Each structure stands twice: as C-alpha cells, then as structure tokens.
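Computed from heavy atoms alone, side chains included, the values below leave out hydrogens, waters and symmetry copies. These numbers come from a predicted model, not from an experiment. Naming convention: chains lettered A, B, ... in sequence-line order (proteins, then strands); numbering from 1 in each chain.
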Protein chains: 2
Amino acid sequence: MASDQTRTAILAAAERLYAERGFGDVTLRDIVAEANVNLAAVNYHFGSKDELIAELFVTRSIQTNRERLNELKAAEERGGGRAAIEDIMRALVGPTLRGCLGPDREGSTAARFMIRASIESVPPIRRIKNREVDHLRKFAAAMRRAMPGRDDTELYWGLHFALAMAHHTIREKERLLRLSEGKCDLDDVRAIIDRVVTVTVMALTMGEAAVSAPPPARPAVMHGRLTRQDL
Amino acid sequence: MASDQTRTAILAAAERLYAERGFGDVTLRDIVAEANVNLAAVNYHFGSKDELIAELFVTRSIQTNRERLNELKAAEERGGGRAAIEDIMRALVGPTLRGCLGPDREGSTAARFMIRASIESVPPIRRIKNREVDHLRKFAAAMRRAMPGRDDTELYWGLHFALAMAHHTIREKERLLRLSEGKCDLDDVRAIIDRVVTVTVMALTMGEAAVSAPPPARPAVMHGRLTRQDL
DNA sequence: GATAGTTTCATACATATGTTTGAAAAGCAA
DNA sequence: TTGCTTTTCAAACATATGTATGAAACTATC
C-alpha cells in the first residue's frame, strides 16, 4: 500500500513543523509542502486537520506513558513490589526531561512536539488530555505504597510539583539560561533529573516530618542522593 | 475626550476575552462586539491587533512587577536591608498566586490574562517578554544578599523552581483538582503560597547543606514555617 | 455658529486557510 | 486486458479575519 507512505509522510512532516513552530503558525499547506504530498491528502487520510493533530498526540502520549510505566515497573520489581519514592519520581520526570533536554540533539522531534502540545493547548489536544489524569493516578498509587500512612494530599502536591519543575524547566530553558548567564547547565540532564527528584522527595518527606513527629528525623533521602557532586 | 472611553472599552473587552478564551480564539470582531465599538476603532486607536495585545501586556507586566518589588522592598526594610529568603520568595510568587487563585473570584481578569500570555506565547508578547529577565535579576540579587556565599547556580535553580511551582499550579489547577479528587484545596491561597515558599527554601538550603558541611544542620526554615497546621 | 481637527461608522479589500470536488492516475484482482 | 477500488491531484469554494477607506458625526476653538 503506497497510501501508508503518504500518511506517514504527513504525520512526520506535521510533527516536525508543529514541534518547531507551534500549532498557531503551521498551516496544512506548510505540512503538505514539507511532506511533498497534495493538499487534499490530509483530509483524505485523516478527515480533518484536528484529527491529524489528535492522532499525533495520542500516539506520542501512549509512548511517553509507556516509557514512564516501564521505568516505574522496573523500579518496583527492583524493590520487590514497592519502589523507592525517588525512583518513582524519577520514572515520572525522567523520560520527558531526557527527551527534551540534552546537548547534541535539540531534543527529539517527538518530545518537542509534546512540549508544544502541553504549552499551546489547541482544542483537539485539550479534549484528549483529560485522560492523562488516569495515567498519573498510577504514580499516585505507587507513591502511596512507597510512603504508607502519608496523607494523600501531600502525595498529590508532590506529584504536581515534580511535574511543575520538569515541565517548566523544559518550557523556560532559554530564560533560565539567560537569567543565569549560562551558569545553569541545561545539557546535564542527569543532574537536572536528580535535582528535580531530590527537591520533590524533600517536599514529600518534609510534610511527614512536620505532621508525624515533632522532632523530625532527617529525611532518609538526604543520605544517598544529596552528596552528589553535581549539586 | 470621548476617545479615551473607546480606547478603554477596547482594552477592557480585549483583556476579558483573551483571559477567558485565549489569543487564538478571539478576533477583533469579538472584541469590538464586547466593547460596543466599531471594528475600525481598534486600528484607529492602536494601529494594529498586535499593538493592542502588546499594550495590554506591558501594562499588566509593569503592574505585576511593581507589586512584587513592593513586597520585596517591604521585606527588605523589615529586615534592615536584608530580607529573609522566605520573604523574598513570597514576594516573587505571592502576587501572581493571589491574583489567579482563590474561592470567590475566578481570579482577576488581569491575572488570568497574564497567565494566558505566559501560556500561549503569541508573537507580540514574546518580543516583550525578554525584558522579564531583568526583573527577575532583582530577585536573584536579593536572594544573594539573603544567602551570601551561596553558589549562584543554586539561587537561579531555586528561583526557577519557585516560578515553576507557582505557575504550574495556576495553569494546571483543574487537573490537580481532578487528580486529587478535590483533596488539594486550591482556594486556600495562603496555604499554597506557604507551600511553594517552603519547598523552594528547602531546595535552596538543601544544596547548602550538601555543599558546605558534611553533617548538615537542619535548615533554619524548618523551625518557623514548617509547623503550620495546613501542611 | 463657522471651521478645523478628531472620532466613529458602514463597508470594502485582500488574503490566508480548512475543506470539498470531480477527474485523472495508480493499484489490484479476475 | 478488464473492471473495480483506492489514491492522488489541481482547482475551486467558503469563510474568517486583519486592515484600509471615505464619508458622516462629533468636539472644541475662535
């Protein structure tokens, strides 16, 4: 089937252009020019522009979520059914950060597309995005297992802040670079992931200290992770 | 001058609509209908659509920045020239969070407009936004005074994460509400500000602990702020 | 109250953009 | 090949949208 060739070319071209210039600035004519196909091909193969965008987004969403869940699963197996909280957070923010930051590549096209999608919030994507909550719930559940007895509210805030830091770092990396005059190394993805994870775990354990015991034991996480030279 | 009336009506209507529906979905015709003025009035008074958006954005930017700087200044005077790091962060994230969250109001129109602006990143705004770095530098300077000897890199990351948490909380409040099934109280703005500030200060002092002294003293901030009942 | 400058208005213009159409081309099974 | 389906193509369509225009209404100064 040569038709799949056209379909694939459109998908690839669209993702590339959307990732680069955003949804607002890319027209169907831009896409078909990039893909070297006829204008009508988009509507023939996808029905509409919105359905094209939706297909792009669901495909990539599934991929990212699978990556995250794979890491989570690996961590849980490593821990005999209960993953360490750090590894859970690492599974949450690692795939996205690795995909979107880094020295050589400008971030893969797929990752940059997903960033755009989470920034610009165009209608077809907004509709799909609501399912993301179900995915995040799996991480909330893992966190609950890792920190039993912890108040759920705290878990949600921790999850929320982890995504905040990861996401914002990707979105505003230019600004952070300029603000810090290059001092913040945005190519050292490992260090960034460590940093986000460390802060998140501190935020999560901090609450525990304040709520459970008046003389709070220093959080367990500070022992291992905090002596890294990159902090 | 009756001309100012039209100008003002356009500005107000535009801000309201942009705040509500975003830049992508609002046309000049929507704006002039909302403002009850003629279509040509926009180009007569502002020159172009982009210049209208730019004027809205610079006005609000100046206001937000002034609010922040006022709080910062007050904190520095309270501390005799050197503000506590918590109060600096509070001055940074407080105005925005107070403006955009809260029970009664849906967040002021002005604040919601600024959120849109920071989300959608339309060309005229992108051009202006570059000056924001200069504003943030004032906070970096205050932080440096509050934590002398601290590595600059850490300060920038702390500043960056504070904005990340504040911003992301505003952007994704619906999702956090659904994820937590209402357990995360997004109407208690004071508690949210405290939470963001506490985590940020922990992130900032955590590095200090790891870098300076091998047996890290429990961060000073944990004494005062951490016993709040809302954590 | 006449005149000059300012503002408003209805309307038109130009163009960008998603979509549709109908015919031509290509693929494929018999 | 023949006949049918699937795919491609150029062109047209419909419309939304920012902008421009020229006349009318309004305002203020003398």
Under 4.0 Å between any heavy atoms, over every strand shown, what does Ala41(B) touch: base, sugar-phosphate, or nothing? Just pick one.
-> nothing
May I have the distance from Gln5(B) (atom CD) to dT6(C) (atom P), rounded to whole angstrom?
-> 19 Å
Strictly by modelled atom types, are Gln63(B) and Arg66(B) linked by a side-chain donor-acceptor pair under 3.5 Å?
-> no
Taking the side chain of Lys49(B) as heavy atoms from C-beta outward, which of dC9(D), dG18(D), dT8(D) is closest to it?
-> dG18(D)
Please state how far atom CD1 in Ile10(B) lies from atom P in dG18(D), giving the value in whole angstrom units.
-> 13 Å
Output yes when at least one side-chain N/O atom of His45(B) is less than 4.0 Å from OP1 or OP2 of dT8(C), else no.
-> yes
Rounded to the nearest Å, what distance is computed from the CG atom of residue Leu39(A) to the P atom of nucleotide dA12(D)?
-> 14 Å
Lys/Arg N to Asp/Glu carboxylate O, Arg7(B) vs Glu55(B), below 4.0 Å = yes
One would report the end-axis bend of the helix from dG1(C)-dC30(D) to dA30(C)-dT1(D), five pairs per end and rounded to 10 degrees, as 10°
Using 30° and 60° as the class limits, which term best fits the ring planes of Phe139(A) and His135(A): parallel, tilted or perpendicular?
-> perpendicular
Step by step, would you call Asp25(A) with Leu17(A) a side chain to side chain contact (heavy atoms under 4.5 Å, CB included)?
-> CA-CA 9 Å; Asp25(A) 288 349; Leu17(A) 291 180; over 6 Å; no
Considering only heavy side-chain atoms of Asn43(A), the closest of dA20(D), dT19(C), dT8(D) is dT19(C)
Quick one: do Glu172(A) and Arg178(A) make a salt bridge, cutoff under 4.0 Å?
-> no
Minimum-distance nucleotide (side-chain atoms of Thr6(A) versus dT8(D), dT11(C), dA11(D)) | dT8(D)
For Met89(A) against Leu159(A), the heavy-atom pair lying closest together = CE-CA, 4.2 Å
Figure out the CG/P separation between Leu52(A) and dT17(C), and round it to whole Å.
-> 16 Å
Gap between atoms CZ and P, on Phe23(A) and dT17(C) respectively (whole Å) | 16 Å
Where is the tightest heavy-atom contact between Val26(A) and Lys49(A), given as atom of each residue plus distance?
-> O-NZ, 3.9 Å
With the threshold set at 4.0 Å, does a side-chain nitrogen-carboxylate oxygen contact exist between Glu71(B) and Arg78(B)?
-> no
Look at the side chain of Tyr44(B) and decide which nucleotide, out of dT7(C), dT7(D), dT19(C), has an atom nearest to it.
-> dT7(C)
Interatomic distance, Asp4(A) CG vs dT8(D) P [rounded to whole Å] = 10 Å
Whole angstrom value for the distance that separates C1' of dG18(C) from CZ of Phe46(A) | 15 Å
Between dT17(C) (C1') and Ile53(A) (CD1): distance, integer Å | 13 Å
Is it true that Lys129(B) and Glu174(A) have a side-chain N and a carboxylate O under 4.0 angstrom from each other?
-> no
Per the under-4.0 Å heavy-atom filter, residues of residues 25-38 of chain B near DNA chain C come out as Arg29(B), Asn38(B)
